[in-house]
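Per chain, numbering begins at 1; letters A, B, ... match sequence-line order. This is a predicted model, so every value here is computed, not measured.
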2 protein chains.
Amino acid sequence: MPAVISEVDIQRAAARLAAVVHRTPIVRSRSLDAMAGAELFLKTENLQRAGAFKIRGAYNKIVQLPVAARRRGIISYSSGNHAQGVALAASLLDVPATIVVPTTIVAAKRAATEAYGARIVEAGTTSADRHQRAEELAAEHGWSLVRPYDDPAIMAGQGTVALELLGDVPFLDTLVVPVGGGGLMAGCAVLARARRPSMRIVGVEPRDADDTRRSLEAGRRVEIPPPTTIADGLRAVVPGELTFEIIRELVDEIVVVSDDEIRHAMRTLFEFTKLVVEPSGAVGVAALLAGRIASAAATGVILSGGNVALEALARLLAPPRGG
Amino acid sequence: MPAVISEVDIQRAAARLAAVVHRTPIVRSRSLDAMAGAELFLKTENLQRAGAFKIRGAYNKIVQLPVAARRRGIISYSSGNHAQGVALAASLLDVPATIVVPTTIVAAKRAATEAYGARIVEAGTTSADRHQRAEELAAEHGWSLVRPYDDPAIMAGQGTVALELLGDVPFLDTLVVPVGGGGLMAGCAVLARARRPSMRIVGVEPRDADDTRRSLEAGRRVEIPPPTTIADGLRAVVPGELTFEIIRELVDEIVVVSDDEIRHAMRTLFEFTKLVVEPSGAVGVAALLAGRIASAAATGVILSGGNVALEALARLLAPPRGG
């Protein structure tokens, strides 16, 4: 067990989150099981508040800040679901929030974040640009920085997804989790390994965003070129320091999927489970449908988010033009 | 309490269905609550096996047929979800099934029904055409007829939706149910009225498919011209005999919604709950968003089905051309 966080940190996070987040349902589909060749238990974090698991870590972080720090406010950076999760968590706790976003942010995502009452600051186009600007503003104003994944409180919050999943389906043999910066993967791995030491724990990355897979092979954190995968929530270029420590120790394997495999999974989920799942949220099912994960057994799959507009979904899943 | 079916019939149905159907989750969305001005508890029968509640009644009917009748086989008629529900129920019970469908059936719906192992017979374009052909084939081959709604076993099966909903949310003040032939409405009304006598029970029909509303006003079953609403599962032209008896006695009110209101509800459900809901399944939310149902209280809403293709959904929800 790594010392960064333990099962107890995740249980404590769950107590803090109990009245705040949805205990998202487990959805089953026998048609999907037949296609995947396994019994799938879909943990529907796409049905979570603000459309993704991110509120869990963000709330668990902000609620533990000292009163004076909460009064001053928090700052975060994100181009997607973390922004909305932080904005919602801060608004629930009445904490002033500022989010640094890329200058290229989609208008709908900006509006959704502002709707929760957060201030928006634009900075550059890369995660590094946003991180640097957030650090500057934090120092300047005395705001607390809410990182997207590399923080024990964030990881413990995200681990409550696995706590609920194993509470509902205690006999799981395999757990499949999307991997971006690694916060969800790390938190869930700690919980799952503690509860079921023999469980197979598998992370999934888009093929061109395989920084964690490469880092595991190299035995150290490796930086990759900026990915262009449609799974926009998983475009991290390097694993977190803390998340990588945990993943290296507890995760059995990282598998990768192509954008076409992600599209196929999104369509299959739409047709057979009636769930709207965004590209990043569908990588687990993509890996299973592509036969990348050897599992004929009870398999928990985290559908991490559902924030995709109808028009974008229709466009993403349209048959390729010209063949 | 009408004599046709009682709460006990629904409890017995639930026992038969326990290992067969999904206990579909209750989904909440605070954003949706704010728009509707009520606390909504969405009963997600769009996540049910075969994509709609229909398997409940069909299975409850077929499993109670005598062994000899089951061996001979069953026949049913439908242009939509009932066909798939019957086909799946028959296949689970190893009962040969024939479904009479319109000559105009969509290829995808025909394929989905055949995938469950049912034989397809085409007959005319109206429900009356299909019903007549099914009666003929039943007489000719000794097949048992599985009606879409006007049968105590079907109504009791559909009533298990409300049994589960009230089991999960016992403090509901209002129940909102789509009304086509009335099988779901009748079964749910019997259960809800027995459990919570003061509950407000509201049915919803598309504006041009308001046969039940007109029949209640007239005090007798009234036939209307064939509706053209996008809610293809609710295009009944006259209420069932048995369903109407129950609805007349137990339902407080029928409200109607326009196709545009249904479209708005489908888009809102997609964006804020990440659920794929077909037009017929969205009428309850449509009525609430349009302010047709006075309820500031705990309101159960049955999302009855999710069988709509992505392309059809995108087309249905596209902004109107030239306006």
So which of [options] has the biggest tally of heavy-atom pairs under 4.5 Å with chain B?
options	value
R30(A), R28(A), E311(A)	R30(A)
S31(A), A50(A), A115(A), G306(A)	G306(A)
R267(A), Q48(A), E278(A)	R267(A)

>> Quick one, T273(A) and L47(B) - any side-chain contact, counting heavy atoms below 4.5 Å?
In response: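 No, side chains not in contact.
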
> Are any non-hydrogen side-chain atoms of L275(A) and L275(B) less than 4.5 angstrom apart?
Replying inline: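 Contact flag for L275(A)/L275(B) side chains = yes.
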
> Where does L313(B) contact chain A at under 4.5 Å (heavy atoms): side chain, backbone, both or neither?
Replying inline: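 Both backbone and side chain.
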
> Given that the side chain runs from C-beta out, which part of V277(B) has a heavy atom under 4.5 Å from chain A: side chain, backbone, both or neither?
Replying inline: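 Interface part for V277(B): neither.
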
>> Please find the pair of heavy atoms, one from K274(B) and one from N307(A), that lie closest to each other, and give the distance.
In response: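 Scanning both residues, the minimum pair turns out to be NZ-OD1, 2.9 Å.
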
>> If I compare all heavy atoms of V276(A) with all of F270(B), which pair ends up nearest, and what's the gap?
In response: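 For V276(A) versus F270(B), the nearest heavy atoms are CG2-CE1, 3.5 Å.
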
